[in-house]
Amino acid sequence: MDERYNPAEIEPKWQKRWADSGAFSVSEDKSAEKFYLLEMFPYPSGRIHMGHVRNYSIGDVLARHMRMRGKRVLHPIGWDAFGMPAENAAIERGRHPAEWTYDNIAQMREQLKKLGLSYDWSREIATCDPSYYRHEQAVFIAMLERGLAYRKHALANWCDHCATVLANEQVEDGKCWRCGNVVVQKAMAQWFLRVTQYAEELLAGLDTLAGRWPDEVREMQRNWIGKSFGAEVRFPLEAIDIPGKQPSALSGEREIAVFTTRPDTLYGVTFMSIAAEHPLALELAQGTEREAEVRAFAEKIQLEHKVKKGADAGDKRGVFTGRYCIHPLTGSKVPIWIANFVLMDYGTGAVMAVPAHDERDFEFAKAYGLPVQVVIQPAGRALAGAQLTAAYTDPGVMTNSGVFDGVPSEEGKRKVTEKLVAENKGRATTSFRLRDWLVSRQRYWGCPIPVVHCETDGIVPVPTQDLPVALPLDVTITGVGGSPLAKVDSFVNVTCPKCGRPARRETDTFDTFVESSWYYDRFTTPRHEGAPVEPNEAREWLPVDFYIGGKEHAVMHLLYARFWQRAMIDLGFLPKDTPREPFSRLLTQGMVCKEFYSRTAEDNPAHKLYFYPEETELRDDGVRVLKADGNEVFVGNVVKMSKTKRNIVDPDEIIGEYGGDTARVFMLFAAPPEGQVDWTTAGVEGAHRFLQRVWRLVRDRLPQIASVAAYKSVGELSLAAAEVRRATHRTIQRVTFDLGERYQPNTAIAALMELMNAISAFKGETADDHAVVREGIETLLVLLSPFAPHVADELFEHMGGKGTLLHHAWPKLDESALHEATVEVPVQINGKVRARITVAKDASEEVVLAAAKANERIAAELSGKTLKKAIYVAGKIVTLVIG
RNA sequence: GCCGGGAUGGCGGAAUGGCAUACGCAGGCGACUUAAAAUCGCUCGCCUUAAUCGGCAUGCGGGUUCGAGUCCCGCUCCCGGCACCA
């Protein structure tokens with residue numbers, strides 16, 4: 001065998017062998033337990049980056065491990081191939097999005113193959129392929145028919161100059177990223193999916209994932225869904241006479257409903273706040289002398305809401321409508337205000353204001369001199385409305401609340417609600433923060449929404465047999481002048497499927513989160529034609545047993561997928577008994593980070609320029625400068641590698657210099673999967689050195705062990721040889737536990753390094769010694785193969801092995817090898833280690849304690865003191881407490 | 001502001017309530033070499049010491065325990081998410 005470890009030679013050799021022999025395809029042995037392992041599929045941006053290397057290395061180690069443990073493993077890969085970057089490339093470089101995307105896929109596929117990832121490439125899918133998205137269109141039509149999909153007006157970022165809709169990330173500082181024009185909010189008819197219908201179930205489902213999904217992710221989803229318990233309370237409008245109007249038109253039967261989580265504070269209501277968009281906002285002031293003022297204010301606030309969506313919580317502004325409603329329990333008059341901070345799309349768009357016990361209401365009351373009425377008293381203090389400097393929002397005892405005085409606030413919530421129900425003035429209810437999912441995008445490179453707009457029949461779904469609605473490829477993409485699809489006459493002009501008259505096709509496309517909401521289903525039967533999945537295969541494989549991806553998808557992708565899966569089941573696209581949670585176990589891996597280099601642009605102080613590491617160099621005095629001009633660059637924090645910050649390391653450089661195995665081992669060893677990895681070249685060299693040492697170990701020992709068989713538990717071993725055997729089996733135990741139970745490749749690699757060190761240090765002489773070394777090295781290679789598959793297969797072959805270790809059984813633990821006759825036990829006195837004694841492993845507590853006391857050092861410490869307590873933790877430690 | 005997560009040598013990190021600092025990186029010393037690289041061996045928390053002995057150390061302050069990096073209470077700082085959600 002070669003003197004030197006040469007990954008450039010052995011890696012392509014094994015990649016070819018694996019491909020030729022179909023080593024990665026799914027096993028046909030149906031008796032084996034299934035294991036569906038999936039990593040979040042990549043967007044084909046052009047090149048893979050270190051984050052991908054990390055994500056896919058973690059997945060591959062687990063996939064290979066599971067296979068070797070005898071599981072029937074499904075480990076597929078594909079491409080999240082629709083999306084905006086393809087359109088940007090078209091605009092900037094004049095390349096067609098399809099061509100750009102498929103080129104990128106080809107490049108990235110080669111890069112992934114260089115890492116030796118064990119994907120079943122025969123199942124590869126790209127979501128931009130009509131054979132994929134046609135099924136998504138079918139599901140959408142079913143949703144539309146069941147009312148799960150609907151259309152309504154919503155605001156979108158709009159650039160007048162480019163005549164196009166912009167995504168949030170294309171809006172920089174409120175301006176269009178391309179032309180710098182001010183972005184406005186334009187109301188357009190948009191498509192929504194009724195995620196809120198599943199809000200309750202999506203929330204409850206999170207509990208079933210306890211211990212299997214990270215708590216952090218479950219908590220984020222919980223907050224996103226945002227369920228609040230409370231009451232809906234109805235405040236009737238006060239009757240007034242407006243000349244020319246029916247007295248009852250704005251009173252009596254009319255009312256304002258509010259949602260509150262604090263019905264216990266109902267008696268503290270001093271005014272009512274409604275959203276500027278509230279249907280009653282303008283109507284209330286109509287015909288009064290305040291009408292003009294109110295209208296102007298409401299319009300101004302509505303405009304503000306449109307321009308700065310989700311802007312900072314700040315100033316509280318409002319206007320009195322001049323009208324009142326009636327407090328449902330006290331009957332007193334409550335002034336109705338329009339307030340800028342009330343959201344129309346949460347609750348009822350109206351809020352009962354209790355300034356004494358709500359921070360926002362307090363600020364508003366202070367700004368407009370409205371009364372503050374304390375109705376909850378904390379224990380041991382007496383609050384007075386006029387003296388309050390901040391709202392009191394904690395629990396307390398109800399006061400100034402009629403029959404409820406003295407009732408604790410928590411109990412009061414229930415009691416007040418009961419009274420409202422009894423008097424038919426309100427009801428107990430819940431409210432969700434979760435909004436329906438806006439899925440339409442006014443973009444070209446996406447899945448067409450399969451409906452037709454007909455003047456006679458309105459919205460008509462495309463008949464299933466006419467699917468797919470294929471995205472036309474003969475378009476020119478300019479980035480201005482609206483949706484490119486709208487300009488393709490052959491696409492737009494259709495006949496109505498219902499009445500046969502001329503109609504227009506929908507030109508919006510889906511949000512790309514739609515494709516990623518069900519790709520894991522499709523992987524079970526990627527070539528099935530009649531439906532999204534073939535039910536028997538779906539039943540066989542679903543759910544995904546182990547899902548690995550970045551934390552950045554904690555809410556959106558993972559929530560949408562959980563929704564879509566339930567919809568697929570309920571609509572009959574998946575068998576009824578399909579588990580409703582699509583991902584049984586989730587591992588969120590940390591980011592790969594590196595410092596970045598930047599400067600402020602000379603022509604625009606708001607614009608930052610970023611430089612690739614190779615454009616800079618470190619001067620002798622430690623200052624980093626730009627090679628081009630020799631001047632200093634700003635050295636930024638260690639942040640996530642990204643194209644925009646240009647702080648990327650191309651995996652091909654690492655693979656080219658050190659090989660794919662090294663890239664994998666470095667990424668896996670650097671940190672536990674959840675942690676962040678800061679890139680250092682030093683770490684890469686360390687990983688490479690480890691593989692080189694393994695290579696040399698095999699090379700050096702091969703002459704001695706080539707013709708012996710691995711040790712088989714016969715014969716007396718020397719102490720040193722028994723030690724090596726113990727190390728071997730201890731390593732089997734550790735690596736199996738680290739991969740199978742803890743999913744921690746980093747500590748497993750540390751264990752392998754220790755085993756290698758132990759074998760290297762052992763110079764065997766007898767036949768038994770060689771047999772033990774052989775067993776150790778074979779075990780090392782088998783255990784190493786999930787991490788560094790090429791070099792492990794190559795070395796195993798030199799040892800006389802056949803085929804790939806991926807099909808080799810995982811090593812079996814020999815408990816007897818772990819056995820030790822004696823153990824060294826530390827002896828503590830009052831918590832400090834004062835001596836170490838060697839005792840028989842199974843010695844009784846009495847014997848060990850006697851031995852400890854007999855120890856010279858311990859005896860000296862004990863003399864003249866009273867022994868208060870003596871504890872022996874078997875095999876671990878002796879603790880003596882003296883006074 | 002609210003909700004999560006974290007803090008261990010020069011660095012990345014390890015440690016079912018039981019010997020803190022495994023494994024690796026960087027550093028120091030040595031061997032091999034004409035020399036260097038590579039490789040191999042030794043060393044490597046801090047203070048004290050000639051060396052031992054000893055003392056101090058897991059962000060800070062308390063507590064539970066024979067025993068706490070780990071469990072509990074109160075802080076500080078860092079990271080992430082949400083952000084007028086009634």
Side-chain angles (χ1 to χ4, degrees), chain A residues 4 214-224 226-228 230-231 233 258-263 265 273 275 310-316 339-343 345-354 357-361 363-364 393 431-435 551-552 554-555 590-591 637 639 665-666 669-672 674-687 689-690 692-693 696 734 737 742 744 746-757 760-761 824-833 835-836 868-882:
Chain A
R4 283 180 50 79
D215 289 347
E216 186 190 359
V217 173
R218 294 192 303 132
E219 192 60 24
M220 277 163 81
Q221 293 213 355
R222 231 175 250 132
N223 293 340
W224 190 266
K227 182 177 184 179
S228 313
V233 188
V258 300
F259 171 75
T260 179
T261 56
R262 294 293 304 271
T265 64
S273 309
D312 48 342
D315 60 327
K316 299 281 180 287
N340 66 335
F341 65 90
V342 179
L343 305 173
D345 57 357
Y346 180 78
T348 61
V351 182
M352 63 178 218
V354 185
H357 307 294
D358 181 280
E359 283 165 23
R360 295 151 303 188
D361 297 341
E363 277 179 51
F364 193 87
T393 57
S431 191
F432 290 91
R433 211 190 74 110
L434 183 71
R435 309 287 149 86
K551 217 169 288 182
E552 65 271 24
V555 176
M591 302 179 295
N637 287 342
V639 296
V665 170
F666 164 69
F669 184 61
E674 294 86 357
Q676 171 178 312
V677 168
D678 295 340
W679 183 262
T680 68
T681 325
V684 184
E685 275 159 13
R689 215 169 302 163
F690 166 56
Q692 275 180 320
R693 281 186 197 139
R696 281 198 298 267
R734 285 174 64 185
F737 183 66
R742 300 200 319 160
Q744 287 221 110
N746 56 322
T747 48
I749 291 173
L752 292 172
M753 288 172 167
E754 284 181 63
L755 176 59
M756 186 200 63
N757 290 339
S760 299
E824 195 188 62
V825 181
V827 182
Q828 286 187 342
I829 293 182
N830 289 355
K832 302 220 187 261
V833 178
R836 288 165 202 286
K868 286 186 177 164
K869 204 164 192 171
I871 299 159
Y872 172 53
V873 181
K876 297 268 186 179
I877 200 165
V878 174
T879 297
L880 304 176
V881 183
I882 62 174

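As a basis for the values below, the full set of heavy atoms in this structure was taken, side chains included, without hydrogen atoms, waters or symmetry mates.
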Task: Phosphate OP1/OP2 of B:rC25 contacted by A:Arg689 side-chain N/O (<4.0 Å) - done: yes

Open item on the list: Any side-chain N or O of A:Asn746 below 4.0 angstrom from OP1/OP2 of B:rA14?
Closed with: yes

- [ ] Please state whether the phosphate of B:rG24, meaning OP1 or OP2, lies under 4.0 angstrom from any side-chain nitrogen or oxygen of A:Asn757.
- [x] yes

- [ ] With the side chain of A:Arg693 defined as its heavy atoms from C-beta on, choose the nearest nucleotide among B:rC66, B:rC40, B:rC19.
- [x] B:rC40

Open item on the list: Could you tell me if the side chain of A:Thr747 sits less than 4.5 Å from the side chain of A:Arg734, heavy atoms only?
Closed with: no

Open item on the list: Tell me the closest heavy-atom pair linking A:Arg262 and A:His357, and the distance in Å.
Closed with: NH1-O, 4.4 Å

TODO: Please state the C1' separation for the pair B:rG63 and B:rA15 - nearest whole angstrom.
DONE: 24 Å

TODO: Would you mind reading off the distance between A:Arg742 atom CZ and B:rU16 atom P, rounded to a whole angstrom?
DONE: 7 Å

Open item on the list: If you go through the side-chain atoms of A:Thr879, does one of them form a donor-acceptor pair with the base of B:rG18 closer than 3.5 Å?
Closed with: yes

Which atoms of nucleotides 7-12 of chain B (N or O only) lie under 3.5 Å from a protein N or O atom, and what are those distances?
residue: B:rG12; atom: O2'; partner: A:Ala670; partner atom: O; Å: 2.6

Open item on the list: What is the separation between atom NZ on A:Lys869 and atom P on B:rU65, rounded to the nearest whole Å?
Closed with: 10 Å

TODO: Measure the distance from CE on A:Met756 to C1' on B:rG24 and round it to the nearest whole Å.
DONE: 11 Å

Open item on the list: Is it the case that B:rC66 (base atoms only) and A:Lys868 (side chain only) share a donor and an acceptor within less than 3.5 Å, ignoring hydrogens and angles?
Closed with: no

- [ ] Would you kindly check whether a donor in the side chain of A:Arg433 faces an acceptor in the base of B:rC82, or vice versa, at under 3.5 angstrom?
- [x] no

Task: Cation-pi, A:Phe341 ring and A:Lys316 (6.0 angstrom, 45 degrees) - done: yes

Task: Stems involving RNA chain B, each a run of at least 3 consecutive Watson-Crick or G-U pairs under 3.5 Å - done: B:1-7 with B:76-82, B:10-12 with B:23-25, B:27-31 with B:39-43, B:45-47 with B:54-56, B:59-63 with B:71-75

Open item on the list: Quick one about A:Arg693 and A:Ser760 (side-chain donor to acceptor, distance below 3.5 Å, no hydrogens or angles considered), yes or no?
Closed with: no

